[in-house]
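Counting starts at 1 for both ligands and their atoms, following the listed order. A quick note: this is a predicted structure, and the numbers were derived from the prediction, not measured.
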Amino acid sequence: MKSKDIKLGVNIDHIAVLREARKVNDPDPIQAIGICQRAGAEQITIHLREDRRHINDTDAKFIIRHSPLPVNLECAVNDEIIDFVVANRPMRATIVPEKREEITTEGGLDVESGFEKLKSVIKRLHEAEVEVSLFIDPNPVSLLKAKELGVGWVEFHTGKYANIYAMLYSNLADTPHSVKELELDRATLKKMLNSEIENLNEICEHARGLHIKVAAGHGLNYQNVSAIAEIESIQELNIGQSIIARSVFTGLEKAITDMKEAIKRV
Ligand code: PXP
């Protein structure tokens, strides 16, 4: 028997990316929220980056205060940002690694070497009654450290899965591990894909066994999402770029209902 449907968190950062491309006031990410709700999204996800390259403090404050959907705020271990989170109290803070020069969040948190700092940040967030999630790579070392840190949620980084999928099925893939570079044949890539799905399956089940709630995200799109959505112990997916990209052509409401359809459990 399948568990109940998986929840969709729509990451609306890319609306603000478009606004910031011209430093004007549209498109406004705040306007997206009612549309997300109407289309059946269960959560709004935003990332307040240290360099404020898209979502800014004014957006985040307004969204946290007025969103009818729960807000999941992604943030780095950075005192100024954590002060902001504690003061504004979104439903959840997802702690992510952040490098200024990266285009997007490239990997999971290094929970081992950041352990002590994470511990004090998580304590502050819990005292402010903010749920905490750690964005980690799907491996047991990171998961067990997350357990030790006492978080209620983890979000597993699906970037490796998405990259292998793109190498296998898309000629648009332009990742550092492109097919050409690695000279991998299709059979090898298929094996790699299956083994990553298996790995995700196992680690999500492991997390569930530890009573940690499981989310997943990064690089998920309309083509690759169904295998991840089928993993029963995942409760929620956070998806941004592919939804906002499709919305340019279809409108945001349709882009979200299409994604809801794609992640429906059969
Ligand atoms: N989840 C987390 C923790 C992220 O950092 C990101 C990227 O901002 C996403 C999900 C969404 O990734 P994408 O835009 O590739 O769907």
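Of the possible polar contacts, one joining the Y222 side chain to the A255 backbone as a donor-acceptor pair under 3.5 Å is found. One N or O on the side chain of R52 and one on the backbone of E50 form a donor-acceptor pair closer than 3.5 Å.
Checked against a 3.5 angstrom limit, the closest N/O atoms of G217 and ligand 1 fall outside it.
The residues K160 and E196 are annotated as salt-bridged, a charged nitrogen and a carboxylate oxygen being separated by less than 4.0 angstrom. Electrostatic pairing of D79 and K117 counts as a salt bridge here, judged by a charged N lying under 4.0 Å from a carboxylate O. Look at R53 and E20 and you find no salt bridge, because none of the NZ, NE, NH1 or NH2 atoms lies under 4.0 Å from a carboxylate O.
Near V96, with a cut-off below 4.0 Å to any heavy atom, the atoms of ligand 1 are 3 (C). Close contacts between ligand 1 and Q241 involve ligand atoms 13 (P), 14 (O), 16 (O) [criterion: under 4.0 Å to a heavy atom]. For ligand 1, the atoms sitting less than 4.0 Å from at least one non-hydrogen atom of N238 are 10 (C), 11 (C), numbered in the order shown with element in parentheses. Heavy-atom proximity to E155, at under 4.0 Å, picks out these atoms of ligand 1: 1 (N), 2 (C), 3 (C), 10 (C).
No part of H157 comes within 4.0 Å of ligand 1, judged by heavy-atom distances.
A 4.5 Å side-chain heavy-atom check between I82 and R124 finds at least one atom pair inside the cut-off.
Counting only non-hydrogen atoms, the option in E74, H218, H47 that gets closest to atom 2 (C) of ligand 1 is E74.
Ligand 1 has G219 within reach: a non-hydrogen atom of the residue lies less than 4.0 Å from it.
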